[in-house]
Trainee: 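Before we start, here is the structure in question, set down as structure tokens.
Since this is a predicted model, take the numbers as computed values, not measurements. All ligand and atom numbering here is 1-based and tracks the order in the structure.
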Amino acid sequence: MAESAFEHLRARLADVVDIRGAEYLLKWDQSTYMPPGGAPARARQRALLSQLAHERLVDPEVGRLLERAEREVADEPPDGFEAAFVRVARRDFEREAAIPPAFTRAFGAHTAATYQTWTEARPADDVARMLPLLERTLDMSRTLAGFQGAAEHVADPLIARSDFGFTVAMLRPLFARLRATLVPLARRVQACEAPRDDFVRRTYALDEQFAFAAARVAEFGYDMRRGRLDPTHHPFAIEFSIDDVRITTRGRRDYLVEALACTFHESGHGMYHQGLDPRLEATLLADGTSAGVHESQSRMWENRIGRSRAFWSYAFGPLQDAFPDQLADVDAESFYRAMNVVRPGVIRTRADELTYDLHVIVRFELELELLEGTLAVADLSEAWHARYEEVVGVRADTDRDGVLQDVHWFAGPIGGAFQGYTLGNVLAAQFWDAAVGEHPEVPDDVARGRFDTLTRWTRERIHRHGRAIDPLALIEQVAGGPLDTGPYERYLRDKYEDLYPSAG
Ligand code: ZN
């Protein structure tokens, strides 16, 4: 019997996934152990592999095989593997094939130059140098969005690249509602006396911090036989296959919270990928269904578990065993409180749980205004500072800690890169409520250092499907309703009014 078009297509797309895996391995090495001298050749090698993967995906033969494969699977169940495989392959093919190769080359060159300039302009606090480049990025971002055809909002196609199905019309009211709840809550908490946290700023050897964090994420269910943990500058999780999913972390000798939060966070991303159905191996379905759903998994382990009273009632004992001198005068409750000190600052990646989303809201609002043309690039620096005062309640002294602080706008399009962070927090709360609704023993389990019920639940409901279920459908299915900020607002209010009773 002749091989089906489906099988041909599958073999071709497996090459795309494997070339990407090779590129990711080069990226992992670059971010962990590569000597600095390797940078120029590595940039070349990675660009070549990305281009090869792209060319294999948009090959006209893939288009022909897709048409035939779509006919072949027309009678298969719409929620089955074959139908999902073809649906997602069609979506990725159309999205990538719509972008002219000349634009991809021009945008790649522009982005590389912008990123290089940013690495110099940020330490020099030289925002003026970045403005003409940003102007061009904004222009090209609109062009990139336009290739995807008509959209209600210019940002919609950019958002769909990472959070498929989400639109500005859905997200804007959601962010506005969150802002209306969080800004006054953060202000009330800020006015209260902060609990003691001097002890997290004592001296902690980094190796011992990493060893403690690695032991905890192994207990969560991150499989070290199919993964590993290494230090880096900007932590991330990355996968070369379902059975080789690595996480990275960073820490500071004089601040114990950072390595814990980063490692717990990345373990959530790692477990998502390790939990994929093995059948998805080397297919386009072998990935998280969206940036927001991915982030819901990392935020759950970082915050719902890693900053919870239940978890520290268990984990403080092992922590004290690891650092007996530094923590001799501290108890579990004090440590829990120290992990949750609210101190509004100007840097997103150092934000506490309560004010984190305020940083995201500022960026989401500003990038929409830029794309709409209601904010000029020339006015961006001042708009940033003014919006920070209004939303976060602080103002940076410099542009380095203002508009230049995140790499996102200087290494890719403007639009679509930030909403996933806050979607992750909102979804983590909805998913948590669903998990605990079904398994009321989960919080008690966490207090005993048992995580398997929760891990099994997330694997069964979320992880194993990969991209086979689209994000909006998955949310309906797992949370039993649409995207809703209510559970997240309640969680934050309950937690922080308990920690800061006079904020109630
Ligand atoms: Zn993350």
Side-chain angles (χ1 to χ4, degrees), residues 24 27-28 31-32 159 161-164 166 171 175 178 210 213-214 216-217 220-222 227-239 245-251 257-276 286-308 339 347-361 363-364 405-409 411-412 416-432 454-455 458-459 462-463 466-467 471 474-475 483 488:
Y24 290 168
K27 179 187 163 165
W28 174 84
S31 313
T32 49
I159 290 169
R161 288 158 65 90
S162 50
D163 287 294
F164 178 78
F166 291 87
L171 293 173
F175 276 68
L178 214 47
F210 295 153
R216 300 291 82 72
V217 301
F220 294 166
Y222 175 73
R228 49 179 293 137
L229 174 66
D230 296 273
T232 188
H233 289 295
H234 299 284
F236 58 93
I238 198 161
E239 64 284 342
V245 184
R246 305 188 190 180
I247 58 175
T248 58
T249 191
R250 72 173 168 203
V257 177
E258 182 154 312
L260 299 175
C262 285
T263 314
F264 296 171
H265 180 96
E266 298 307 333
S267 81
H269 287 305
M271 281 187 274
Y272 194 167
H273 215 92
Q274 288 183 336
L276 294 173
D287 203 350
T289 192
S290 71
V293 173
H294 230 306
E295 198 68 7
S296 76
Q297 299 307 287
S298 54
R299 290 279 157 186
M300 186 182 81
W301 291 100
E302 178 190 351
N303 290 331
R304 284 313 279 245
I305 307 290
R307 292 185 204 267
S308 71
M339 283 294 287
I347 304 291
R348 174 180 63 87
T349 56
R350 294 201 177 159
D352 52 79
E353 183 186 25
L354 181 60
T355 58
Y356 183 85
D357 295 290
L358 301 179
H359 296 259
V360 179
I361 287 168
R363 288 154 179 76
F364 184 70
Q405 73 174 268
D406 296 305
V407 67
H408 304 60
W409 290 341
F418 285 107
Q419 77 285 331
Y421 295 117
T422 285
L423 280 175
N425 287 325
V426 170
L427 290 171
Q430 286 187 269
F431 294 164
W432 176 268
L454 180 62
T455 306
T458 51
R459 188 174 302 145
I462 300 167
H463 302 172
R467 296 177 72 200
L474 184 83
I475 294 164
L483 187 68
Y488 184 47

Trainee: Report the residues that fulfil salt bridge (charged side-chain N to carboxylate O under 4.0 Å, His left out) with Glu258, sequence neighbours left out, ordered by chain and then residue number.
Mentor: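 Expected list: Arg250, Arg252.
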
Trainee: Please name all residues satisfying salt bridge (charged side-chain N to carboxylate O under 4.0 Å, His left out) with Arg228, sequence neighbours left out, ordered by chain then number.
Mentor: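 Asp230.
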
Trainee: Are any side-chain N or O atoms of Thr248 and backbone N or O atoms of Phe236, one a donor and one an acceptor, separated by less than 3.5 Å?
Mentor: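 Judged by distance alone, yes, a pair lies under 3.5 Å.
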
Trainee: Run through Phe220, Phe264, Trp432, Phe431 and flag the one making a ring pair (Phe, Tyr, Trp, His ring centres under 6.0 Å) with Trp301.
Mentor: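 Result: among Phe220, Phe264, Trp432, Phe431, Phe220 is the only option passing the ring pair (Phe, Tyr, Trp, His ring centres under 6.0 Å) with Trp301.
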
Trainee: Keeping to distances under 2.8 Å, can you name the protein N/O/S atoms close to the Zn ion (ligand 1)?
Mentor: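 Protein N, O or S atoms closer than 2.8 Å to the Zn ion (ligand 1): His265 NE2, His269 NE2, Glu295 OE1.
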
Trainee: Could I get the full list of side chain to side chain donor-acceptor pair (under 3.5 Å) partners for Arg459, not counting sequence neighbours?
Mentor: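 Here no residue qualifies.
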
Trainee: Are any non-hydrogen side-chain atoms of Thr422 and Tyr488 less than 4.5 angstrom apart?
Mentor: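 Of all side-chain heavy-atom pairs linking Tyr488 with Thr422, none is under 4.5 Å.
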
